[in-house]
Amino acid sequence: MEMIYALCVGILTTCGIFLTLRGRTFPVVVGLTMLSYAVNLFLFASGRLNVEAAAVLQKEGAAYTDPLPQALVLTAIVIGFAMTAFCVILAMRARADLGNDHVDGRLPLADDDQAQKEKP
Amino acid sequence: MNLLWVPLLPLLGTLVPLLTGRHNRTVCAWMTALLPAAALFIVLSHAPAVLSGETLKASLPWIPALKLELAFRLDGLGLLFSLLILGIGLLVILYARYYLSPKDSMNRFYSFLILFMTAMLGIVLSDNLIQLWVFWELTSISSFLLISFWNHKQEARRGARMALTVTGAGGMALLAGFLLIGQVVGSYQIDDVLSHVIQIRESGYYPAILILVLLGAFTKSAQFPFHFWLPHAMAAPTPVSAYLHSATMVKAGIFLMARFYPVLSGTDMWFLIVSLTGLSTLLLGAYFALFKHDLKGLLAYSTISHLGLITLLLGMDTKLAAVAAVFHIINHATFKASLFMAAGIIDHESGSRDMRQLNGLWKYMPYTATLAMVAASSMAGVPLLNGFLSKEMFFSETLHQSTLGSLSWIVPVLATCGGVFSVAYSLRFIHDVFFNGEPIDLPKTPHEPPRYMKLPVEILVALCLLVGILPGYVIGDLLHSASAAVLQGVVPEYSLAVWHGFNLPLAMSILAFLGGLAIYYNRKVLFQFQAQFPEADAKEVFERGMKRTMAICRQVHGWLENGSLQRYLLLMLTFSIALTAAPMMSLSQTSGTRAHLPADGVVITGAVLLVLGALATVIWHRKRMIALLTLSIVGLIVSVAFARFSAPDLALTQLSVEVVTIILLMLALFFLPQRTPKESSPHQVMRDLGISAMIGGIVGTLCYALMTRPLESISDYFLANSKTGGGGTNVVNVILVDFRGFDTLGEITVLGIAALGIFKLINRMRLFMPSGDERGRPWASDRYPVILAVVSQLLLPLALLVSVYIFLRGHNMPGGGFIAGLITSVAIIQQYVAHGVEFIKNRLHLNYQWLIGSGLLIATATGIGSWFFGKPFLTSWFDHFHLPLVGEFELASAMLFDLGVYLTVVGATLLILANLGKLTTAERPVHVEEP
C-alpha cells in the first residue's frame, strides 16, 4: 500500500512540476493545483497510513490516526485554495494588462527573430 | 556614568549637526562638539580606575538565550584609543569649522565625522568579536562617506570606492577569522578569547585565523601590499585625513593586532608575517614619501611608513617591542595629526599643496611654519620631541630581537635605512615648503590662518613637546596600563628618559640624521634616478580590475536574470534537485522497518484513476477545458484517499475545496484563451520532463522512506488532553481551534488577506469578454436553466442546515468551522450559478469584506477574552450544561473561535468567486477570439 501511495505522490509531483514549467499561465495554475494535492498527500503521509483507525476519541482504547498532520493539512488545503485563486486572478489581471498570458509577461521571440536580435 | 554612554553619546551626536545646521557655523560646531566632549569626560572619569589596572565592563542584554548583548569594556588599550579618538576628534571638529568653505555642507560633514567617531569608539570598546566587527564595517562605510565628501570630484569618488573595496574586503576576511575564533573558543567574548591562548594556538585553525585576522588588520592599516588605497584617500578634505589617516582609522588595524597580541602572537608564523610586512611597509612608505610633490601625498606615504614601523614592532619577539609599539601609536597620532592640519592650513591659505610651487612660506606664515617644523622634526625623530623617544626604543628593540634567526641583523640595518628616508622627507617638508626661495604661481597670497584654526595644531604640538621632554610624567601611566593590556601580563622594565647615554640606538639615530641630510642634499640626483621608472599608478590598475570585475558580474547577471520567470523556475528547481539528492544518497536504505499495509482492490483502483487523471491532465494540458475536468478527477480521488486513510475531516475539506476550485478555474477560463499554443520545442519538453521526473522521484522516495519508518509523534499529548483539556473528541478540530489556535488565527488572516488582494486585482480589471466559445459559437441564450434554478433553490435551506450541523458537531465529530464555511460557500455559489449575480444581489445583502473582518474580529476577541480571566491569549474554556428537553449539551469558547473561522472562510470564498462572477455581467467591450 505504501508503495502505491508513494508512487501516486511521485507521479502527482512530476505532473505538477511539469505543468508549472509551461510558459502560459493557465497550465501553471493547473500545475500548482496538482502540486498542492501532492504536497498535501505527502504531509498527510507523515502521520503514516492507517486504515480503519479511529479519527475521533473512543470510549475504550482504540488505534488512532495521528491528528497533527491532519490538522496541518486541513489548513493547508484551505490556504492552498487561496493561493490557487490568487494565482489565477493574477494571471487574468496580467493578461488584461499585458495583452498576453505568458508567465514572462511577453511572448517569446521566434527563433529567427532572436537570432536577428543577437546580431549587431 | 555608565560606560555604555561613551559610544552612545556620539551616536546621538550624529543627529546634532543635522538639527543645528540652520544656525550659524560656529554654533553648529560647538553643538556638535558637545556630546563627544561629554563622552570624553566620562572616559576621563573612568581613567583613574583603569590606570590602576582595572578592566571596566558594561553591557545591555539583548537576547540572553543566544548570548547576544551590547557589551563594552574599557581597559588600558581601550582607554588610550578612546582618548585619541575623542581628543583628536574634538580638535578636528574645531579645525574643520575653519577649514570648510561656506559652500560645503557643514552639517553633513559633521554628521559623517561623528558617525565615524562612534564606529571607532565601538571598535576599541567592544567586548564581543561580532559587535567589534560590526563597528569595524561601520568605520569602512563612514570613511567612504567622508572620503567622498566632495563627491563632485571624480578622484574623491574613486578614492573612496578604492578605500571601501580594500578595507571592506579585509573586513570580510576579518569576519571569517572571528567566526573561526568563536568556533575554537566557543565564545565571542573578548575576555574568553584572551584567556584561551593555548586552545587557539594549538588548534588546527590557527594558521587560517591568523591570516584572516591579519588580512583585516593589514588592509585597514594600509600595510604592503594593500597600502595603495591610502594615498588615493587623500582626496578627502584635510580634516578627514588628519583624523582618519593619522590617528584613527588606519590605527584600527594596529589596534586589532594589539588587542589579539596575547593570543595570536608568540608563534613563528606571526613573527615572520607581521615583522616582514611591517618592515617592507616601513621601507616602501619612507622611500616613496620623498618623491611625492603633493604635501598630503608625502604625509600619506609617511603614514604608511610609520604604520609599518608599528607593525614591525608588534611583529618582533621581545615584549618591550610591544611597549614601543604602543608608545609610537600615541606619538605618531599627535605629530601626524598636527602635520596634516598644518598641511591643510597651507593649502587653505595659499591654494596649493604642490611642493614645487610652495616655497619660502616662512615669510608669510611664520607662526604656522614654526608649529609645522616642530611636528615635522618629531616625525624625523629629533631629540626633545616625542618622535625621538619612540624611535630610540624602536632602534633599541631592533637590536635585541632575533625574529629572523641568524639573519636578524638585517632588521636594524633596514630600520636605519628607513630612518634615513624619514629624516630626508621630513627635511623636505620643512625646507621645500617654508624656505627654498620664493613661492611660484600660487593662486593666493599666503597668510596666517584664523586664530582658532591654529589652536588644534598648537595643542598637538605642545603635546609633542611635553611628551618629548617629560615623558614619564605626561604619558607614563597611560603607556604602562595600555602596554599591560596589550601584553596581558607583566610589563617589562623600561625607562622613559630622554637621555640614555651614548649607546648603539643613539648611534643609529645620528647615522639616520647624517644619511637623511646627505640624501636631501643630493635629492636632485635621486629624483632623476627615480624618474627613470615608469610610475605605476595604483588607481589605473585598480580601475582596470574594477571594470573587469564589473563586466564579469554584468555577464553573470545577464545570464542568470534575463527576465524570464519560466527560466528562474527552471533554475530554482534544478538547484533544489542538487540540494535534496545529496542527502538522499546518504540514506542507505529506502525501506524502513515499519510493517507495510496490504494493498486492496479499492486502493489500487483509486491509484490507477489518480495516475490516469494526472497523466491525462498533462497530455491534454493545451486543451484547457479538458485538462480542468481531468484535474477535478485527481482532486476527487485525493479526497476519497483521505477518507480511506481514516481522515474524514480532510476528506470533507478536500471535497468542498475541490468544488470551489473547479468553479473558480472555470470562471477564470472564461476570460482566458481556451487553448494553449504549442510553444515548447521537443528539446524543452524532454528537459522539463526529466527535471520534473527527477523531483517526483525524489519526493516519492522520500514519502516512501518516511511512511515505512516507525512513527514518533508528539500527538499522544493531543490525544490524551483533547477531551479533558479541550472539551472535544474530534482531536483534529481541537488542535485547530484550541491547541494550535494561534496558528489557525494566522491562517485565517492569510486567507482574508489573499481574498482582499484578489478583490483589489479584480477591481478595475479591463477584461475582454469573449462573445463565443473557441470555435466562434455564441454562448447559450438560456443562461439560467429553470430546472437548475428551482432545484438549487430547494436545496439551499437543506445545504445551510447541513453546514450548521457540521459546524455544531465539529468539536466532537468530523466537521468544524473550515468545512462548514466551505459548505455554506458552495451552497451560495450554487445560487449564483443558477440565478446569476443580479438575482442574488437583490436578495442576499451580504458584504463579504465585512464578513471577513467580523470573522477575524470574533476569533481575535475570543483569544483576547481569556486575558480578562487572567489566562494567556487563546486559552479555551468549556463546560457542560443541562436543559430540559434538549438534554445535556456542551458550551466551549473554542466554538466562538470556530465561528470566526467559519465567517472568514465564507467571506473569503465568496468575495473571490462572487466578484469574479460579477465580471461576466458588466458591460464590457466584446472581444472576438482569434481562430
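Chain letters run A, B, ... following the sequence lines, proteins first and then strands; every chain starts at 1.
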Problem set entry | Closest contact, heavy atoms only, B/Asn730 versus B/Pro814 | ND2-CA, 3.6 Å

Seminar exercise, completed: Rounding to 0.5 Å, atoms OG (B/Ser825) and CG (B/Leu911) come to a distance of 11.0 Å

Exercise. Is it the side chain or the backbone of B/Glu747 that comes within 4.5 Å of chain A heavy atoms, both, or neither?
Worked result: both

Exercise. What closest approach, in Å, do A/Gly31 and A/Thr20 show between heavy atoms, and which atom pair accounts for it?
Worked result: C-CG2, 3.8 Å

For this session: Under 4.5 Å heavy-atom distance to chain A, tell me which part of B/Phe718 shows up: side chain, backbone, both or neither.
Result: side chain

For this session: Between chain A and each of B/Arg567, B/Met694, B/Arg709, count heavy-atom pairs under 4.5 Å; write down the option with the most.
Result: B/Arg709

Exercise. Quick one: what part of A/Asp101 sits under 4.5 Å from any heavy atom of chain B, side chain, backbone, both or neither?
Worked result: side chain

Exercise. Which one, B/Val905, B/Leu665, B/Leu706, B/Thr676, leads in non-hydrogen pairs under 4.5 Å with chain A?
Worked result: B/Leu706

Problem set entry | Side chain, backbone, both or neither of B/Leu667 within contact of chain A (heavy atoms, under 4.5 Å) | neither

Exercise. Going through the checks in order, is the side chain to side chain donor-acceptor pair (under 3.5 Å) test met by B/Asn733 and B/Asp649?
Worked result: CA-CA 8 Å; B/Asn733 183 267; B/Asp649 288 280; 5.9 Å; no

Exercise. Is there a side-chain contact between A/Tyr64 and A/Leu57 (heavy atoms, below 4.5 Å)?
Worked result: yes

For this session: Could you tell me whether the side chain of A/Thr25 reaches within less than 4.5 Å of the side chain of A/His102, counting heavy atoms only?
Result: no

For this session: Pick one of side chain, backbone, both or neither for A/Met83, based on which atoms fall under 4.5 Å of a heavy atom in chain B.
Result: neither

Exercise. What part of B/Leu597 lies closer than 4.5 angstrom to a heavy atom of chain A: side chain, backbone, both or neither?
Worked result: both

For this session: Heavy atoms only, distances under 4.5 angstrom: which of A/Thr14, A/Leu19, A/Ile79, A/Thr13 has the most pairs with chain B? Name it, please.
Result: A/Thr14

Exercise. Considering only heavy atoms, which portion of B/Leu652 lies under 4.5 Å from any heavy atom of chain A: side chain, backbone, both, or neither?
Worked result: neither

Problem set entry | Side chain, backbone, both or neither of A/Leu90 within contact of chain B (heavy atoms, under 4.5 Å) | both

Problem set entry | Min side-chain heavy-atom separation B/Arg594-A/Arg48 under 4.5 Å | yes

Problem set entry | Backbone N/O of B/Ala651 and side chain of B/Ser639: donor-acceptor pair under 3.5 Å | no

Seminar exercise, completed: Applying a strict 4.5 Å limit to non-hydrogen atoms, the region of A/Val29 in contact with chain B is side chain

Problem set entry | Within 45° cone and under 6.0 Å: A/Arg22 NZ/CZ vs A/Phe18 ring | yes

Exercise. Side chain, backbone, both or neither: which part of A/Ile11 has a heavy atom under 4.5 Å from chain B?
Worked result: side chain

For this session: Count the heavy-atom pairs under 4.5 Å between each of A/Thr75, A/Val73, A/Ile4 and chain B, then report the option with the highest count.
Result: A/Thr75

Exercise. Where on B/Val660 is there a heavy atom nearer than 4.5 Å to chain A: the side chain, the backbone, both, or neither?
Worked result: both

Seminar exercise, completed: Cut-off 4.5 Å, heavy atoms of chain A, and the answer for B/Ile912 is side chain

For this session: With the side chain counted from C-beta on, respond yes when A/Val28 and A/Leu21 share a heavy-atom pair under 4.5 Å apart, and no when they do not.
Result: no

Problem set entry | Proximity breakdown for A/Leu7 and chain B, heavy-atom pairs closer than 4.5 Å | neither

For this session: Tell me, out of B/Cys703, B/Gly635, B/Gly606, who's got the most heavy-atom pairs with chain A below 4.5 Å.
Result: B/Cys703

Exercise. Which region of B/Phe818, side chain (C-beta onward) or backbone (N, CA, C, O), has a non-hydrogen atom less than 4.5 Å from a non-hydrogen atom of chain A, or is it both or neither?
Worked result: side chain

Exercise. Is a side-chain N or O of B/Thr744 found less than 3.5 angstrom from the main chain of B/Leu736, in a donor-acceptor match?
Worked result: yes

For this session: Check whether any side-chain heavy atom of B/Arg675 lies under 4.5 Å from a side-chain heavy atom of B/Arg624, and answer yes or no.
Result: no

For this session: Evaluate whether atom NZ of B/Lys760 has more than 12 neighbouring non-hydrogen atoms of other residues, nucleotides or ligands under 6.0 angstrom away.
Result: no

Problem set entry | Side chain / backbone / both / neither for B/Asn915 at chain A, heavy atoms under 4.5 Å | neither

Exercise. Out of B/Ile691, B/Val657, B/Ile735, B/Leu761, which one racks up the most heavy-atom pairs below 4.5 Å with chain A?
Worked result: B/Leu761

For this session: Answer with side chain, backbone, both or neither: which region of B/Pro677 has an atom nearer than 4.5 Å to a non-hydrogen atom of chain A?
Result: side chain

Exercise. At a heavy-atom separation under 4.5 Å, does B/Val685 approach chain A through its side chain, its backbone, both, or neither?
Worked result: both

Problem set entry | A/Leu107 side, atom CG; B/Glu679 side, atom CD - distance, nearest 0.5 Å | 7.0 Å

Exercise. Which answer fits B/Ala595, side chain, backbone, both or neither, if we ask what part of it has an atom under 4.5 Å from a heavy atom of chain A?
Worked result: backbone

Exercise. Does A/Met1 reach the side chain of B/Phe645, with side-chain heavy atoms less than 4.5 Å apart?
Worked result: yes

For this session: Taking only Lys NZ, Arg NE, NH1 and NH2, and the carboxylate oxygens of Asp or Glu, determine whether B/Arg644 and B/Asp600 approach each other closer than 4.0 Å.
Result: yes

For this session: Please look at A/Leu68 and chain B and tell me whether the side chain, the backbone, both or neither of the residue comes under 4.5 angstrom of a heavy atom of that chain.
Result: both

Exercise. Hey, what do you get for OG1 (A/Thr65) to CG (A/Asn50), rounding to the nearest 0.5 Å?
Worked result: 6.0 Å

Exercise. Given a strict heavy-atom distance threshold of 4.5 Å, which part of B/Arg622 is in contact with chain A: side chain, backbone, both, or neither?
Worked result: neither

Problem set entry | Portion of A/Phe44 that has a non-hydrogen atom of chain B nearer than 4.5 angstrom | side chain

For this session: Just give me the residue among B/Gly700, B/Gly696, B/Ser646, B/Ser722 that pairs up with chain A most often, heavy atom to heavy atom, under 4.5 Å.
Result: B/Ser646

For this session: Please flag which part of B/Ala908 lies under 4.5 Å from any non-hydrogen atom of chain A: side chain, backbone, both or neither.
Result: neither

Seminar exercise, completed: Among B/Ala754, B/Pro598, B/Ala607, B/Ala647, the residue with the most heavy-atom pairs under 4.5 Å to chain A is B/Ala647

